[in-house]
*Asks:* 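Supplied in structure tokens, the structure appears directly below.
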Number of protein chains: 2
Amino acid sequence: MLSKKTKYGLKALTFIARSEGDLPLQVAEIAKQEQIPQKFLESILLTLRKAGILGSKKGKHGGYYLRETPEDILMTDVMRVLEGPIAMVPCVSLNYYEKCDDCVDEELCSVNKLMLQVRDSTLNVFRNTTLADLSHPKG
Amino acid sequence: MLSKKTKYGLKALTFIARSEGDLPLQVAEIAKQEQIPQKFLESILLTLRKAGILGSKKGKHGGYYLRETPEDILMTDVMRVLEGPIAMVPCVSLNYYEKCDDCVDEELCSVNKLMLQVRDSTLNVFRNTTLADLSHPKG
DNA sequence: GTAATCCCTACTAAATTGATAGGAATAATA
DNA sequence: TATTATTCCTATCAATTTAGTAGGGATTAC
């Protein structure tokens, strides 16, 4: 299952991308428009900012904005920040590889074999989808 | 993350497929060979039997066996039994479709748009992979 | 009738998820 | 400078899920 965190994060990013204004958008407004608990959204946007996907401005009239244009924001990056590793098992993870304790030979392991294919096909989707693709009505 | 249940289930199925004997295999032996807690594996194999993927024989010299040849056992079926719906959100699920409470227009929803693609690509892998593919050293 | 095996139910500890609460720090503006 | 609006940070918490464990009933081979 996709976590609420990721779901909310994607919705928020799309909302910001669609706004296209120069002004930063406030958590309160995004939360209201997208029906997301405000405090929860606050922590999610903070995560996205720390990851370099969003920028922020503090104080009155502050808020969040995209660091790059939607066309340049890849889902690989967004999903890794929000949902964690794309691979479903560490032994097929590109960025967080870890050998299984039990596994004697990875090449013989059926779990490894199957999940490697799933990772590749999912990665292919994320690598070819930008925030712009998700933000346009048709696409 | 892939659950241990699914991981163990896949390993057990592969183990059975590789054995190829006429005799049913016992939980105790599979558990020992694949380093899986026996009682846990028991409940997993029971699930697979109830789903029609495994058959069982009770009593002394009993055990589990495949209901079909490995070539005919598709990962779509196995994964749905072990891990649940393949879609990461109910609104893109083929078999368990459910509309989101909040979502006004699914065609505008970025989460829907992205997860639909992920579902399709994952489904494509599972539909084209059989237990036989996972059981052979090369493949 | 005994031993080996699957079958079934119930319970539990640990981790994760989806929040909520409270306030500190910062910036605009009157 | 005081006020207000906002992000930033830490801590806490309830519900759910996961990964098992425990105990014994039912069935079959021998």
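A note on names: the letters A, B, ... follow the listed sequences, proteins ahead of strands, and every chain is numbered from 1. Quick caveat, the model's predicted, so the values are computed rather than measured. Scope of the values below: all heavy atoms of this structure, side chains included, with no hydrogens, waters or symmetry mates.
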*Asks:* Side-chain N or O of B:His61 versus OP1/OP2 of C:dT5: is the shortest distance under 4.0 Å?
*Replies:* no
*Asks:* Starting at NZ of B:Lys57 and ending at P of C:dC6, how long is that distance when rounded to a whole Å?
*Replies:* 11 Å
*Asks:* Where the side chain of A:Arg49 meets the backbone of A:Ser56, is there a donor-acceptor pair that is under 3.5 Å apart?
*Replies:* no
*Asks:* In whole Å, I'd like the distance from the CD1 atom of B:Ile30 to the P atom of C:dT5.
*Replies:* 12 Å
*Asks:* What integer distance in Å separates B:Glu42:CD from D:dT21:C1'?
*Replies:* 11 Å
*Asks:* Looking only at non-hydrogen atoms, find the nearest pair between B:Tyr65 and B:Lys57 and report the distance.
*Replies:* CE2-N, 4.2 Å
*Asks:* Please report the distance, rounded to the nearest Å, between CG in B:Leu23 and P in C:dA4.
*Replies:* 18 Å
*Asks:* Please encode protein proximity along nucleotides 9-21 of chain C as a string of B, S and -, counting only heavy-atom distances under 4.0 Å.
*Replies:* ---------SSBB
*Asks:* Can you see whether B:Glu83 engages B:Ser3 through a side-chain donor-acceptor pair at a distance of less than 3.5 angstrom?
*Replies:* yes
*Asks:* Picking from A:Leu123, A:Leu10, A:Leu74, A:Thr129, what satisfies side chain to side chain contact (heavy atoms under 4.5 Å, CB included) with A:Met79?
*Replies:* A:Leu10
*Asks:* So, OP1 or OP2 of C:dC6: does either fall under 4.0 Å of a side-chain N or O from B:Tyr65?
*Replies:* no
*Asks:* Nearest-Å distance, CG (B:Leu48) to P (C:dC7)?
*Replies:* 12 Å
*Asks:* Roughly, in whole Å, what's the span from CD in A:Glu29 to C1' in D:dT7?
*Replies:* 16 Å
*Asks:* Is the backbone N or O of B:His136 less than 3.5 Å from a side-chain atom of A:Lys113, with the two atoms forming a donor-acceptor pair by type?
*Replies:* yes
*Asks:* Return the OG1 to CD distance between B:Thr122 and B:Gln117, rounded to the nearest 0.5 Å.
*Replies:* 11.0 Å
*Asks:* Would you please say whether a donor-acceptor pair under 3.5 Å links the side chains of A:Thr130 and A:Glu71?
*Replies:* no
*Asks:* Just the rounded figure in Å: distance from P of C:dC7 to CG of B:Leu41.
*Replies:* 12 Å
*Asks:* Any idea which of C:dA4, C:dT26, C:dC6 is nearest the A:Lys58 side chain?
*Replies:* C:dT26
*Asks:* Heavy atoms from C-beta onward define the side chain here; which of D:dC9, D:dA29, C:dT5 lies closest to that of A:Arg49?
*Replies:* D:dC9
*Asks:* What is the separation between atom CD on B:Gln26 and atom P on C:dA4, rounded to the nearest whole Å?
*Replies:* 11 Å
